[in-house]
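Take a look at the structure below.
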2 protein chains.
Amino acid sequence: MFGKMFSKNKLVILYGASLAGILLFLKWLEFRFVIMDHAFEVYIGVIALIFTSLGIWLAIKLSKPKTETIIIEKEIYISKPAGDFVPDEKLLLTHGISKREWEVLSLMSEGLSNQEIASRLYLSVNTIKTHSSRLFEKLEVKRRTQAIEKAKRTGLLA
Amino acid sequence: MFGKMFSKNKLVILYGASLAGILLFLKWLEFRFVIMDHAFEVYIGVIALIFTSLGIWLAIKLSKPKTETIIIEKEIYISKPAGDFVPDEKLLLTHGISKREWEVLSLMSEGLSNQEIASRLYLSVNTIKTHSSRLFEKLEVKRRTQAIEKAKRTGLLA
DNA sequence: ATTGGACTCATACTTTCGGGTGATTTTGAC
DNA sequence: GTCAAAATCACCCGAAAGTATGAGTCCAAT
């Protein structure tokens, strides 16, 4: 705040000083040369140019920069604290679901396709299909989405 | 583009015109009055002031507005509140998800097929496909299972 | 009055899913 | 060692899901 004020005062002082300096220069010119008829227009022109540029310079220096604030919202998802959800052995048994089948179910619930699950588990897609088929039978559902829904509802998945 | 160029040319013309005009005015003054000894300094001062303000005006008109860009990264933590079936309007807005799309998403998460969703909402299967497609785009996912997963993780669904 | 978004539906096409069937190999229990 | 369950994989086929594109209606904001 004070820095800026000082800066502005400084500019005003500079402005005054340069004005005085130029006047002196002109006075000196008056002594040295006779003002010729057509030199006067040139004279005015030079002064005009000088002060125009001075004005431009002042304006640039004094103008406040417009501040544009851009807020970028960065989404951060909170990962579930239950990182490794251990399958409840008893729950698995009640449905007769095997470990491998539960693994497939788990990856299914993460939104992976059969192909992706196969790659993840180093198996063939056909195997995943077999597992998922049996899984659906045991869960008495017809689709993977239903399987996920039922699994979560019954506590089979987190 | 051409508008701006024209504007600048116009300013230059105005500038030259005013300069010429002032010179004429001074010539006229020369005829009317004898230039007094001390009037000269005042004279110069007036010219200086006029052209300084002209310069300032020019600078303001011609200079691109200074923009100072401040980028603030705001981190938004998204957790999923337990309970409410009601879609959080704000959350929907952040992804640009429409009400209808959310309905489809909701029924999806219950394990319904597109046909079942269509029947439930008295719509055509194609419409459901359109909604789900747009939904997947907005959620940046490729499958319904992923959509469900992301929706639950981000609190879009209970 | 025009524009734009949301919603609706359609057609055509590709990909994935799921069912059905059968087969081989591991593995653990008896 | 035998035997059953689990796990692995294959092929086919129909159904469902998803993509791409276009288009018509409605409604609200300009």
Side-chain angles (χ1 to χ4, degrees), chain A residues 86-154 156-157, chain B residues 86-152 156-157:
Chain A
V86 186
D88 189 338
E89 300 289 345
K90 293 164 192 170
L91 273 178
L92 292 186
L93 284 180
T94 60
H95 291 283
I97 296 172
S98 74
K99 200 160 62 182
R100 209 51 159 166
E101 283 160 359
W102 183 85
E103 282 185 295
V104 172
L105 173 61
S106 180
L107 292 175
M108 255 183 198
S109 78
E110 290 178 18
L112 302 191
S113 69
N114 284 341
Q115 182 54 63
E116 286 167 343
I117 296 173
S119 302
R120 187 78 74 88
L121 299 179
Y122 304 104
L123 295 176
S124 135
V125 192
N126 300 303
T127 307
I128 305 303
K129 285 186 179 183
T130 306
H131 285 318
S132 54
S133 260
R134 324 212 86 176
L135 194 55
F136 297 158
E137 282 174 25
K138 290 171 183 173
L139 286 178
E140 297 169 309
V141 296
K142 301 204 81 61
R143 283 177 285 278
R144 64 213 283 104
T145 47
Q146 283 181 348
I148 294 166
E149 194 274 334
K150 182 155 190 178
K152 296 211 172 190
R153 188 155 42 79
T154 58
L156 229 48
L157 284 175
Chain B
V86 188
D88 188 338
E89 299 289 345
K90 292 165 192 167
L91 273 177
L92 292 185
L93 283 178
T94 60
H95 291 283
I97 296 173
S98 75
K99 200 161 59 184
R100 210 51 158 164
E101 284 160 359
W102 183 85
E103 283 184 293
V104 172
L105 173 62
S106 181
L107 293 176
M108 254 182 199
S109 78
E110 291 177 18
L112 301 192
S113 70
N114 284 341
Q115 182 54 63
E116 286 166 344
I117 295 173
S119 302
R120 186 79 72 89
L121 298 179
Y122 304 104
L123 295 176
S124 135
V125 193
N126 299 305
T127 307
I128 304 304
K129 284 185 181 184
T130 304
H131 284 318
S132 54
S133 260
R134 299 187 147 274
L135 193 56
F136 298 158
E137 281 176 26
K138 289 172 183 174
L139 286 179
E140 296 170 310
V141 297
K142 302 205 82 62
R143 281 177 286 280
R144 66 218 278 95
T145 46
Q146 282 182 350
I148 294 167
E149 193 273 336
K150 182 156 189 178
K152 297 210 172 190
L156 229 47
L157 285 175

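Below, chain A is the first sequence line, B the second, and so on; all start at residue 1. Computed from heavy atoms alone, side chains included, the values below leave out hydrogens, waters and symmetry copies.
- B:E137 CD to B:E101 CD: the interatomic distance, rounded to the nearest 0.5 Å, is 9.0 Å.
- DNA chain D is contacted by no residue of residues 106-114 of chain A, taking any non-hydrogen atom closer than 4.0 Å.
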Kindly give the atom pairs (protein nitrogen or oxygen, nucleotide nitrogen or oxygen) under 3.5 Å for nucleotides 5-10 of chain D.
from, atom 1, to, atom 2, distance (Å)
D:dA7, OP2, A:S98, OG, 2.3
D:dT8, OP1, A:R100, NE, 3.0
D:dT8, OP1, A:R100, NH2, 2.9
D:dT8, OP2, A:R100, NE, 3.1
D:dT8, OP2, A:H131, NE2, 2.7
D:dC9, OP2, A:S124, N, 2.9
D:dC9, OP2, A:T127, OG1, 3.0
D:dC9, O5', A:T127, OG1, 3.4
D:dC9, N4, A:T130, OG1, 2.9
D:dA10, OP2, A:S124, OG, 3.1
D:dA10, OP2, A:N126, ND2, 3.2

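- The phosphate of D:dG18 (OP1 or OP2) has a side-chain N or O of B:R144 nearer than 4.0 angstrom.
- With a 4.5 Å cut-off on side-chain heavy atoms, B:W102 and B:L157 count as touching.
- Legend: side chain to side chain donor-acceptor pair (under 3.5 Å) pairs involving residues 127-136 of chain B, not counting sequence neighbours: none detected.
- Rounded to whole Å, atom C1' of D:dG18 lies 11 Å from atom CD of B:E137.
- A nucleotide of DNA chain C counts as in contact with chain A when one of its atoms lies under 4.0 Å from a heavy atom; the first and last such, 5' to 3', are C:dC17 to C:dG19.
- Put simply, CG on B:L135 is 15 Å from C1' on D:dT19, counting in whole angstrom units.
- Applying the side chain to side chain contact (heavy atoms under 4.5 Å, CB included) rule to A:E103 yields the partners A:R100, A:L121; only residues at least two apart in sequence or on another chain are considered.
- Between A:N114 and A:M108 the shortest heavy-atom distance is OD1-CE, 4.4 Å.
- The backbone N or O of A:G96 lies less than 3.5 Å from a partner atom in the side chain of A:K138, making a donor-acceptor pair.
- When all heavy atoms of A:A151 and A:L105 are compared, the pair lying nearest together is CB-CD2, 3.8 Å.
- Taking atom CZ of B:F136 as the reference point, atom P of D:dA17 lies 10 Å away to the nearest angstrom.
- Closest approach of A:G111 to B:R143, counting heavy atoms only: O-NE, 3.2 Å.
- Scanning all heavy atoms of the two residues, the minimum distance from A:I117 to A:V104 falls at CD1-O, 4.0 Å.
- Under the side chain to side chain donor-acceptor pair (under 3.5 Å) criterion, A:K150 pairs with no residue, sequence neighbours left out.
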